[in-house]
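Below you'll find the structure, written out as structure tokens, and then a few comments.
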Amino acid sequence: MKLKMHVNGREVTGEAEGRTLLSAFLRDGLGLTGTHIGCDTSQCGACTVHVNGRQVKSCTMFAIEADGAEVTTIEGMENADGSLSVLQQAFQDHHGLQCGFCTPGMVMAAAALLREIPQPTEAQIRAHLDGNICRCTGYHNIVKAILAASGQPVAMAAE
Amino acid sequence: MYNFDFVRPATVDEALAALADEDAQPLSGGQTLIPTMKQRLNAPSALVSLLGIEALKGVKTSDGTIEIGAATTHADVAAQATGYPALAALAGGIGDPAVRNRGTIGGSLANNDPAACYPAAVLASGATVVTSGREIAADDFFDGMFTTALEQGEIITAVKFPVPQAAAYMKFEQPASRFALCGVFVAKYAEGVRVAVTGASEDGVFRWSEAEAALSATFSASALEGLSLSAEGMMTDLHGTAEYRAHLVKVLTGRAVASAS
Ligand SMILES: Cc1cc2nc3c(=O)[nH]c(=O)nc-3n(C[C@H](O)[C@H](O)[C@H](O)COP(=O)(O)OP(=O)(O)OC[C@H]3O[C@@H](n4cnc5c(N)ncnc54)[C@H](O)[C@@H]3O)c2cc1C
Ligand code: FES
Ligand code: FES
């Protein structure tokens, strides 16, 4: 099947079988390997992208279901000049990553949260990250990074 | 995953025509179906996507009833079912934000997972499941684990909830899957109180009639004091024994009554 979508603001066309997952289309079809596949069973959130502004797990959606949609991946998060966005920079500044495998998903989930709630509480951040698993950081520094990116102090209750 | 044809109807009639082939299957949010297809537990010849059918989406409120289209996502129910706060809160507590942006009420009910949240709300509310051919009362819809009254080729189009005077859903979350290790929905109507339990029984969602009688007489957690639920027929798995679940049902029912609004 032929399909057409906007990925990170660019129109792309491609071929996909019915069973082609959006994650596979982005990675293998478009070479956008920033979207990671951790579990492939909708548990870990490493594959999180935005479809029409909403965060989804791209391993649990068919590419054809994104036909005609606006898709944003981690590659679309940088500033126009190629520098890191405020949110990405905050992950770096607050050591919100170690191995970095979960990070694309964490950034995409956090960006969706900040669009909905520009200044979330720590509890709201933790609840929003329910579907994103990190086996390295213990989450505290991820929460700090998101607090910082939203312009709030990074003092946290649960440390 | 085995391959299949992908069909994108724009109307319910087109969907039903495509589903006349008995190897075809409806696809809603895919949050349950895609994982089972990956495991090759399910291999339809065609998937008929319901998400492009506008008539199956949205939340409508009219005197005392909330009607939710089958293809309405959990996130949209959480945001839009403001006339039935306990239902909106239940939808907002399903899985995680990404699951809520795709998963739908129709898919959840058709699947009837024994640990799913929506079946408890539908049964406790005495809701009506509207399908492509008929209206099914909640008491007749759920038919044991992963089984419903739906026939081959029949799809859910909407669910109609009578809005209660007070209600609450208490979910004891299984932290890894985020499904209900046990969940209790209590709803108080002029005609009496209904209590539905999910996550506990080997037969899927059920009504706890002793608690309903006690709470209909006195709507207070203390009305449950003398009651106990038998562990017979409750699920035992690595997360909890049958006895533990039977105990949790009572604890959660009390909490639901105490927080009902
Ligand atoms: C990580 C994770 C956590 C979750 N946590 C929870 C939770 O806490 N509580 C909970 O209740 N659920 C939970 N779920 C399940 C989730 O709510 C699913 O969205 C839901 O069970 C299925 O809905 P769907 O729209 O995705 O259906 P699909 O996966 O598309 O379909 C499920 C089944 O229903 C059939 N079907 C779909 N729509 C219709 C229709 N309108 N008429 C007839 N048949 C239809 C399909 O053919 C399929 O057999 C979780 C899922 C995941 C992946
Ligand atoms: S790879 Fe999609 S949720 Fe883990
Ligand atoms: S940084 Fe390694 S999994 Fe999160």
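Worth saying up front: this structure is predicted, and the values here are computed from it rather than measured. Chain letters run A, B, ... following the sequence lines, proteins first, then strands; residues in each count from 1.
- Between A:I64 and B:R8 the shortest side-chain heavy-atom distance falls below 4.5 Å.
- Within the model, atoms CD of A:E17 and CE of B:M1 stand 10.5 Å from one another, a figure rounded to the nearest 0.5 Å.
- Within a 6.0 Å radius of CZ in A:R115, other residues, nucleotides and ligands contribute more than 12 heavy atoms.
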*Going through the checks in order, is the side chain to side chain contact (heavy atoms under 4.5 Å, CB included) test met by B:K38 and A:D40?*
CA-CA 9 Å; B:K38 286 182 182 177; A:D40 204 22; 2.9 Å; yes
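- Taking each heavy atom of B:R178 and A:Q43 in turn, the nearest pair found is NH2-O, 4.2 Å.
- When heavy atoms are compared at a cutoff of 4.5 Å, B:L33 does not approach chain A at all.
- Using modelled atom types, no side-chain atom of A:D130 and backbone atom of B:D96 make a donor-acceptor pair closer than 3.5 Å.
- Across A:T60 and B:P35, no two heavy atoms sit closer than the pair CG2-CD, 4.1 Å.
- Under a cut-off of 6.0 angstrom, the local environment of CZ in B:F146 is crowded, with over 12 non-hydrogen atoms contributed by other residues, nucleotides or ligands.
- Residue A:L129: no heavy atom, backbone or side chain, is found under 4.5 Å from chain B.
- Across all their heavy atoms, B:A75 and A:R54 have their closest contact at CB-NH1, 4.2 Å.
- Here CG of A:D67 is found 9.5 Å from CZ of B:F6. Values are rounded to the nearest 0.5 Å.
- Contact annotation for B:N3: both backbone and side-chain heavy atoms come within less than 4.5 Å of a heavy atom of chain A.
- Heavy-atom distances place no part of B:T36 under 4.5 Å from chain A, backbone and side chain included.
- Between chain B and the options A:M61, A:H128, A:R19, heavy-atom pairs under 4.5 Å are most frequent for A:R19.
- In this structure, A:K57 contributes its side chain and B:V99 its backbone to no donor-acceptor pair below 3.5 Å.
- For B:H247, the NE2 atom counts as loosely surrounded, since its 6.0 Å shell holds 12 or fewer non-hydrogen atoms of other residues, nucleotides or ligands.
- Contact annotation for B:A176: only backbone heavy atoms (N, CA, C, O) come within less than 4.5 Å of a heavy atom of chain A.
- Other residues, nucleotides and ligands contribute only 12 or fewer heavy atoms inside 6.0 Å of the CD atom of B:E22.
- At least one side-chain heavy atom of A:E65 sits less than 4.5 Å from a side-chain heavy atom of B:L27.
- If you take CZ on A:F62 and CD1 on B:I34, they are separated by 4.0 Å, rounding to the nearest 0.5 Å.
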